[in-house]
Amino acid sequence: WKVLIPLGGEGMLSARPCPSHPVRMKPGIITLVPPGLSHKIQDEVGKPLTLYVLCLSERLIEWAGQPLPDTILECR
C-alpha cells in the first residue's frame, strides 16, 4: 500500500482501470493506493505537488487486522 500525503500544491491521481476518473490531490486529502495498482500523478499547472509517500507492506496491514478494499481510498 502507498499512503500519499500532500503537503503543498495540487494535482491529480489517475489509476487503472478508471483513468478517466482521476482523484484530486491537495493538502488535507490523504490517498491510499493498493499494491499492484498502476497509477500516475500529474501536477496542476503552476501548483506542483510536494508530498510524502509512505509504503506499507500487506503483512503490516494484515497484522493490524484492518481489511482494506482493492481500490483507491481518499481520507479527508
Side-chain angles (χ1 to χ4, degrees):
W1 285 87
K2 286 185 185 175
V3 181
L4 306 174
I5 307 167
L7 303 175
E10 292 186 27
M12 301 298 280
L13 169 71
S14 58
R16 293 182 184 230
C18 299
S20 61
H21 299 295
V23 173
R24 176 157 299 284
M25 295 184 69
K26 63 181 184 177
I29 301 175
I30 297 172
T31 307
L32 303 175
V33 180
L37 183 68
S38 178
H39 59 283
K40 176 182 169 185
I41 298 171
Q42 185 168 348
D43 291 338
E44 194 72 35
V45 176
K47 299 178 183 179
L49 275 168
T50 302
L51 60 128
Y52 281 126
V53 178
L54 176 65
C55 296
L56 303 174
S57 73
E58 289 187 68
R59 285 181 42 198
L60 181 63
I61 301 295
E62 290 170 4
W63 174 80
Q66 300 298 317
L68 294 173
D70 58 356
T71 59
I72 292 175
L73 298 174
E74 289 181 75
C75 305
R76 297 175 186 244

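Please read these numbers as outputs of a predicted model, since none were measured by experiment. Throughout, numbering of the chain's residues begins at 1 and tracks the sequence.
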A.B. asks: For Lys40, what residues pass the salt bridge (charged side-chain N to carboxylate O under 4.0 Å, His left out) criterion, not counting sequence neighbours?
C.D. replies: none

A.B. asks: Give me the one residue out of Leu49, Ile29, Ile41 that meets side-chain contact (heavy atoms from CB on, under 4.5 Å) with Pro6.
C.D. replies: Leu49

A.B. asks: Quick one: list whatever passes side-chain contact (heavy atoms from CB on, under 4.5 Å) with Pro48, sequence neighbours left out.
C.D. replies: Asp43

A.B. asks: State whether the number of non-hydrogen atoms from other residues, nucleotides or ligands found under 6.0 Å of Glu44 atom CD is greater than 12.
C.D. replies: yes

A.B. asks: What's the spacing between Leu7 CG and Leu51 CG if we round to 0.5 Å?
C.D. replies: 7.0 Å

A.B. asks: In Å, rounded to the nearest 0.5 Å, how long is the span from NE2 of His39 to OG1 of Thr31?
C.D. replies: 10.0 Å

A.B. asks: If the condition is side-chain hydrogen bond (donor to acceptor under 3.5 Å, both in side chains), which residues does Lys47 pass it with, not counting sequence neighbours?
C.D. replies: none

A.B. asks: What's the separation between atom CD1 in Ile5 and atom CG in Leu32, rounded to the nearest 0.5 Å?
C.D. replies: 9.0 Å

A.B. asks: List the residues meeting side-chain contact (heavy atoms from CB on, under 4.5 Å) with Leu56, not counting sequence neighbours, and say none if there are none.
C.D. replies: Trp1, Val3, Leu54, Leu60, Ile61

A.B. asks: Mind checking whether Val45 and Met12 sit in one hydrophobic cluster, side chains of I, L, V, M, F, W, Y counted as touching below 4.5 Å?
C.D. replies: no

A.B. asks: Would a single hydrophobic cluster contain both Leu37 and Met25, if residues Ile, Leu, Val, Met, Phe, Trp and Tyr are joined by side-chain heavy-atom contacts under 4.5 Å?
C.D. replies: yes

A.B. asks: Looking at Gly9 and Pro27, what are the two nearest heavy atoms and their distance?
C.D. replies: O-CD, 3.3 Å

